[in-house]
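As the structure is a computational prediction, the values presented were derived from the model and not from experiment.
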Amino acid sequence: MHRPIAAPMNRLPISNRDNELLAMPPIDGQFPVTFDDGTVWTAVNGACRGCGIEFGREAMHGAVWRSMPGVAEVEAVALCHPCHLLTRFRFRLHPYRRLSWHSGAGWVQGYAPLSWLARLRRCGRAILHSIHHLTSRQDRS
């Protein structure tokens with residue numbers, strides 16, 4: 001059997017910190033993460049950096065903690081059984097669905113997409129707003 005190695009394909013052995021994270025419970029049990037603005041992170045997903053297969057929520061082990069107000073940090077690892085690679089995850093969750101992660105050039109940020117239910121609600125509110133706006137114009141005439 002192959003010994004797991006750490007991605008990205010650099011053949012580094014698993015570190016002591018990787019072993020500590022693997023010994024921790026799945027991060028799924030540490031969610032939801034809620035912020036004062038109403039943002040609720042119910043889960044995070046990750047994929048193997050070797051083969052791209054998406055990990056199940058129970059496969060990512062590590063910790064989620066509040067490093068400062070308005071920031072939740074996630075440090076986790078997941079072992080891909082098909083390609084025997086360990087993928088490391090380190091990112092920050094912020095209000096307004098913003099997330100940030102460290103790249104070779106420093107911290108970068110992006111926004112998590114809205115769920116289909118949130119998009120449907122947003123669309124419904126926009127339709128109701130338009131109807132209200134149209135009916136209020138007709139009442140003034």
Side-chain donor or acceptor of [X] paired with backbone N/O of [Y] under 3.5 Å:
| X | Y | value |
| --- | --- | --- |
| T34 | V40 | no |
| R57 | P26 | no |
| T87 | R49 | yes |
| Q30 | G62 | yes |
| W41 | H94 | yes |

Side-chain heavy atoms under 4.5 angstrom apart, residues restricted to Ile, Leu, Val, Met, Phe, Trp, Tyr: same cluster for [X] and [Y]?
| X | Y | value |
| --- | --- | --- |
| L99 | F55 | yes |
| W101 | V44 | yes |
| L93 | F89 | yes |
| V74 | V108 | yes |
| V33 | M60 | yes |

Could you tell me the separation between the [atom1] atom of [X] and the [atom2] atom of [Y], rounded to the nearest 0.5 Å?
| X | Y | atom1 | atom2 | result |
| --- | --- | --- | --- | --- |
| H81 | C48 | NE2 | SG | 11.0 Å |
| L85 | I14 | CG | CD1 | 9.5 Å |
| I27 | H61 | CD1 | NE2 | 9.5 Å |
| E75 | E20 | CD | CD | 9.0 Å |
| L79 | D18 | CG | CG | 10.5 Å |

| said: Does the structure place the NZ or CZ of R97 under 6.0 Å from the centre of the six-membered ring of F35, at an angle of no more than 45° from the ring's axis? | reply: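 That pair does not qualify as a cation-pi contact.
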
Shortest non-hydrogen contact from A47 toward G52: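 Between these two residues, the closest heavy atoms are CB-O, 3.7 Å.
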
Identify whether the distance between the nearest side-chain nitrogen and carboxylate oxygen of E73 and R90 falls below 4.0 Å.
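Salt bridge present between E73 and R90.
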
- Message: Side chains of C80 and I53, heavy atoms from C-beta outward: is any pair under 4.5 Å?
- Response: yes

